[in-house]
Amino acid sequence: MSKSMTKKYNSYDSNILDALFLKYGLSKYYIRQSISGTAKGLTPDSIKKDYDKMVKANEQTVQNLIDKTLE
């Protein structure tokens, strides 16, 4: 293994993490583990699905705002 290889860390949208924290009442650490796939079970699967839905909705909202400002 080369010394130049470093571990890649994921960054997650903090607003979505806060929303999931309020919805599920679980720690943000556990929510991040669920999204990354480290935690296994039904609740982590639900958290990951909700995160993906929220990211898509957030991206769509931003795209709509960009489209409106370019008109």
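The residues of the chain are indexed from 1 along the displayed sequence.
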Open item on the list: Any side-chain to backbone donor/acceptor pair from Y51 onto S46? Under 3.5 Å, distance only.
Closed with: no
Task: Distance (rounded to the nearest 0.5 Å) between I47 CD1 and D52 CG - done: 12.0 Å
Task: N/O donor-acceptor pair under 3.5 Å between T38 side chain and S34 backbone - done: no
Task: CG on D67 to CD on Q60, rounded to 0.5 Å - done: 8.5 Å
Task: From D50 atom CG to T43 atom OG1, the distance as rounded to the nearest 0.5 Å - done: 11.0 Å
- [ ] Compare every heavy atom of I31 with every heavy atom of L26, then report the nearest pair and how far apart it is.
- [x] O-CD1, 3.8 Å
Open item on the list: When you group the ILVMFWY residues by side-chain heavy-atom contacts below 4.5 Å and let the links chain together, are I35 and L22 in the same group?
Closed with: yes
TODO: Starting from the C-alpha separation in whole Å, work towards a yes-or-no answer on side-chain contact (heavy atoms from CB on, under 4.5 Å) for K28 and R32.
DONE: CA-CA 6 Å; K28 291 181 184 177; R32 285 191 300 271; 3.7 Å; yes
Task: Atom CG of L42: over 12 foreign heavy atoms under 6.0 Å - done: no
- [ ] Decide if the gap between the ring center of Y30 and the ring center of Y24 is smaller than 6.0 angstrom.
- [x] no
Open item on the list: With a 4.0 Å cut-off on N to O distance, would you call K40 and D45 a salt bridge?
Closed with: no
